[in-house]
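Just so it is clear, the values below take in all heavy atoms, side chains as well, and ignore hydrogens, waters and symmetry mates. This one's a predicted model, so the numbers in the text were calculated from it and none came from an experiment.
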Amino acid sequence: MNQSVPSAVPTPTPTGRTNDPARTMANILDVAIAEFAEKGLAGARIDEIAAATQTSKRMIYYYFGSKEGLYLAVLEEAYRGMREIEGLLQLDDLEPEAALQRLIGYTFDHHASHERYIRLVMSENIQRGQYLAQSTSIQQLNVPAIASIRRLYERGVASGVFRPGLDPIDIHASISALTFYNVSNRHTFGLIFKRDFTNPEVAAQRRANVIETILRFVRH
């Protein structure tokens, strides 16, 4: 549903400013991420996104087709941002256990510092994934993540560090579950048990515990 940039030639905006299409789209996505993360698909307002980006609803619809098209582009951008950084971890250069530890630590840190990403994923789960299902790129975005886990896991099994018989997707799911919950439920869990997950000491201990939990799961 993402539309390509209509033209590489700057065109006048409704306000008379010179417009760089790629830059305008990036700015719209940046503002839209905050709007959809805070209010969800139903509550988000294109008028507010247009005002914050100093553009128009017509221009937003020109680039993204519809409110739903913009929402899908936001979801794809959120996943793309995480996967791009994940690809820079150079896990193949590390011993299997160190590589897995780095991956878990990165995932924990990313989620802890990107609550908007968590809220967007939660919002799409409320929609039962119906918009993400329309994406033509989301599958390919996540292929490298699973392939990376598969490589480090198979290296670990070959060296006798990891136990055989585990599914890389299940390992990924376990990492996601522990690091995602830490942010998605921080408010309710924190209120009930009087524990602030944003406290540096609490977060550091929780991070260490999550890493150790996954390592114990895969170790031989």
*Taking it one step at a time, do L29 and L70 satisfy side chain to side chain contact (heavy atoms under 4.5 Å, CB included)?*
CA-CA 8 Å; L29 282 173; L70 176 58; 4.1 Å; yes

*Could you tell me the separation between the CE atom of M59 and the CD1 atom of I46, rounded to the nearest 0.5 Å?*
14.0 Å

_salt bridge (Lys or Arg N to Asp or Glu O under 4.0 Å) partners for R83, two or more places apart_ = E86

*Which other residues belong to the hydrophobic cluster containing Y181, where Ile, Leu, Val, Met, Phe, Trp and Tyr are joined when side-chain heavy atoms lie under 4.5 Å apart, directly or via other members?*
F189, I192, F193, F197, V202

*Between E76 and L141, what is the shortest heavy-atom contact and its length?*
O-CD1, 3.8 Å

*Mind checking whether F162 and P96 have side chains closer than 4.5 Å, heavy atoms only?*
yes

_Partner set under side chain to side chain donor-acceptor pair (under 3.5 Å) for T213, not counting sequence neighbours_ = none

_Pair listing, ring pair (Phe, Tyr, Trp, His ring centres under 6.0 Å) test, anchored in residues 76-101, at least two apart_ = Y79-Y117

*Which pairs count as side chain to side chain donor-acceptor pair (under 3.5 Å) when at least one residue sits in residues 26-50, sequence neighbours excluded?*
E35-K39, K39-E48

*With rounding to the nearest 0.5 Å, note down the distance linking CD1 in I175 to NE2 in H111.*
9.5 Å

_CD1-CD1 distance between I33 and I28, expressed to the nearest 0.5 angstrom_ = 12.0 Å

*Would you call L75 and S135 a side-chain contact if the rule is heavy atoms closer than 4.5 Å?*
no

*Between CE of M122 and OG of S184, what distance do you get to the nearest 0.5 Å?*
5.5 Å

*Shortest non-hydrogen contact from G40 toward S123*: CA-OG, 3.8 Å

*Calculate, to the nearest 0.5 Å, the distance between atoms CG and NE2 belonging to L120 and H114 respectively.*
11.5 Å

*Which pairs count as side chain to side chain donor-acceptor pair (under 3.5 Å) when at least one residue sits in residues 154-166, sequence neighbours excluded?*
none

*Is any side-chain heavy atom of R102 less than 4.5 Å from a side-chain heavy atom of L94?*
yes

*With a 4.5 Å heavy-atom cut-off, do L178 and F108 have their side chains touching?*
no

*Is the number of heavy atoms from other residues, nucleotides or ligands under 6.0 Å of Q130 CD greater than 12?*
yes

*Heavy-atom pair with the smallest gap, counting every atom of S174 and F217*: OG-CE2, 4.1 Å

*Members other than I169 in its cluster, when Ile, Leu, Val, Met, Phe, Trp, Tyr link by side-chain heavy atoms under 4.5 Å?*
I146

_Tell me every residue that passes salt bridge (Lys or Arg N to Asp or Glu O under 4.0 Å) with R206, counting only those two or more places apart in sequence or in another chain._
none

_salt bridge (Lys or Arg N to Asp or Glu O under 4.0 Å) partners of R128, counting only residues at least two apart_ = none

*For H187, enumerate each residue passing the side chain to side chain donor-acceptor pair (under 3.5 Å) test, keeping only those at least two apart in sequence or located in another chain.*
E115

*Those residues that, when tested against N209, pass side chain to side chain donor-acceptor pair (under 3.5 Å) (two or more places apart)*: Q205

*Taking salt bridge (Lys or Arg N to Asp or Glu O under 4.0 Å) as the test, write out the residues that go with E95, two or more places apart.*
none

*Is the shortest side-chain N to carboxylate O distance from D109 to R207 below 4.0 Å?*
yes

